[in-house]
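Each ligand, and each atom within it, is numbered from 1 in the order the structure gives.
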Amino acid sequence: MTAPAPRGEQLCGVITGAASGIGRACVDLFLARGARIDAWDRSADALKSLESLGAGAGAAIATRVVDVTDPESVTSASHAVHEQWGRVDFVVNCAGAFLVGPLSEVPADSVRGLFDVNVLGTTLVTQALLPGLTASRGSIVNVASAVALKATPSNSHYAASKAAVAHLTRCWALELGPQGVRVNCVAPGPTATPIYRAAGMTVEQEDALLRERASTIPLRRIGDPVDTARWITTLALEDNWTTGAVVPIDGGMSL
Ligand SMILES: NC(=O)c1ccc[n+]([C@@H]2O[C@H](COP(=O)([O-])OP(=O)(O)OC[C@H]3O[C@@H](n4cnc5c(N)ncnc54)[C@H](O)[C@@H]3O)[C@@H](O)[C@H]2O)c1
């Protein structure tokens with residue numbers, strides 16, 4: 001069993017969806033704070049951009065191709081984490097998918113695929129790393145969305161999948177609190193990342209969506225991945241007696 005990290009020892013954990021957007025911004029901030037990272041993503045190509053960070057002996061980062069929807073892939077990666085680092089102090093469930101479209105048009109397979117990544121993936125990864133997190137009295141940070149807090153038209157299934165993530169956070173906080181494991185969640189507003197293009201939107205559609213959202217957000221801008229990554233880093237690395245929180249990072253959008 002892994003002992004809790006003594007004060008001052010480097011904390012070590014997993015970031016999923018680490019190759020792009022908010023996850024990628026987390027990698028930089030966690031490394032800057034002295035943490036060691038096991039960076040998971042399903043895109044081997046995108047992970048290559050992290051390889052230079054892991055060069056050399058005593059590197060603070062390892063990269064792993066993992067599909068969070070695949071139980072075997074997740075289980076084998078979690079074993080590799082224990083072999084590589086010997087402990088796990090935090091997990092950031094950042095891997096996610098987006099889906100836009102009215103109820104009348106949304107295909108069943110797309111809904112299934114969306115919930116597979118956002119809800120099942122978050123569950124499988126957390127479950128696989130739970131023994132290590134419990135041993136270290138660690139921290140789980142999930143990534144929901146501002147639309148989990150405020151209803152919007154035309155992306156109802158994405159919003160529902162993120163509302164599920166927010167509620168899993170609260171339930172797991174109750175379940176794992178007595179074992180000293182903190183479970184929190186960030187709920188970002190629209191943020192400039194490749195997720196919209198990955199969901200099949202054209203550049204024009206993405207621009208129109210983000211411009212429309214920015215015009216109604218009280219702070220009148222969309223998010224930068226670093227806005228959310230800063231909160232994730234704090235929730236993961238600092239024990240500030242917070243659990244079950246769903247933190248909106250959205251320029252006031254969810255008000
Ligand atoms: N960008 C936004 O506007 C926004 C707003 C609210 C919440 N979020 C959430 O933030 C998180 C990060 O999104 P982002 O905007 O940085 O997107 P992104 O597309 O830049 O990054 C998502 C990463 O997750 C990876 N991924 C997807 N499915 C995976 C799987 N099955 N297994 C492993 N990796 C997988 C992708 O390869 C990609 O590298 C997501 O959960 C997303 O829903 C994003």
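Near Y196, meaning under 4.0 Å from any of its heavy atoms, are these atoms of ligand 1: 2 (C), 3 (O). Applying the 4.0 Å criterion to heavy atoms of P190 picks out, from ligand 1, the atoms 3 (O). Within ligand 1, the atoms closer than 4.0 Å to a non-hydrogen atom of I22 are 10 (O), 16 (O), numbered from 1 in the order shown. Listed by number with element, the atoms of ligand 1 under 4.0 Å from a non-hydrogen atom of T69 are 31 (N). Residue-ligand proximity, K162 to ligand 1, at heavy-atom distances under 4.0 Å covers atoms 40 (C), 41 (O), 42 (C), 43 (O). For ligand 1 and G96, the ligand atoms under 4.0 Å from any heavy atom of the residue are 24 (O), 27 (C), 40 (C), 41 (O). Counting atoms of ligand 1 from 1 in the listed order, those under 4.0 Å from a heavy atom of V66 are 32 (N), 33 (C). Residue G189 approaches ligand 1 through these ligand atoms, each under 4.0 Å from one of its heavy atoms: 3 (O), 5 (C).
Ligand 1 lies less than 4.0 angstrom from a heavy atom belonging to D67. Using 4.0 Å as the threshold, Y158 has a heavy atom nearer than that to some atom of ligand 1. Residue contact annotation: A46 has no non-hydrogen atom under 4.0 Å from ligand 1.
Heavy atoms from both the backbone and the side chain of P188 come within less than 4.0 Å of ligand 1.
Comparing A192, G21, G17, A77 against atom 24 (O) of ligand 1, the shortest heavy-atom distance belongs to G17.
Looking only at protein heavy atoms, the nearest one to atom 35 (C) of ligand 1 is A95 CB, 3.7 Å. If you check which protein heavy atom lies closest to atom 7 (C) of ligand 1, you get A144 O, 3.1 Å. Protein heavy atom nearest atom 34 (N) of ligand 1, with residue, atom name and distance: R42 N, 3.2 Å.
Side chains of N93 and T126: a donor on one and an acceptor on the other come within 3.5 Å. Checking T169 against N142 by side-chain atom types alone, a donor-acceptor pair falls below 3.5 Å. N118 and S161 share a side-chain donor-acceptor pair at under 3.5 Å.
Here the straight-line distance linking atom CG of D45 with atom NZ of K48 works out to 4.5 Å at 0.5 Å rounding. Atoms CG and CD1, on D250 and I222 in that order, are 13.0 Å from each other to the nearest 0.5 Å. Atom OG of residue S156 and atom CG of residue L103 lie 6.0 Å apart, to the nearest 0.5 angstrom.
The shortest side-chain heavy-atom distance between W85 and D38 falls under the 4.5 Å cut-off.
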Walk me through it: do Q84 and R64 pass the test side-chain hydrogen bond (donor to acceptor under 3.5 Å, both in side chains)?
CA-CA 11 Å; Q84 173 121 16; R64 236 169 277 287; 3.3 Å; yes
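The minimum heavy-atom distance between P188 and I22, with the atom names listed, is CG-CD1, 4.3 Å.
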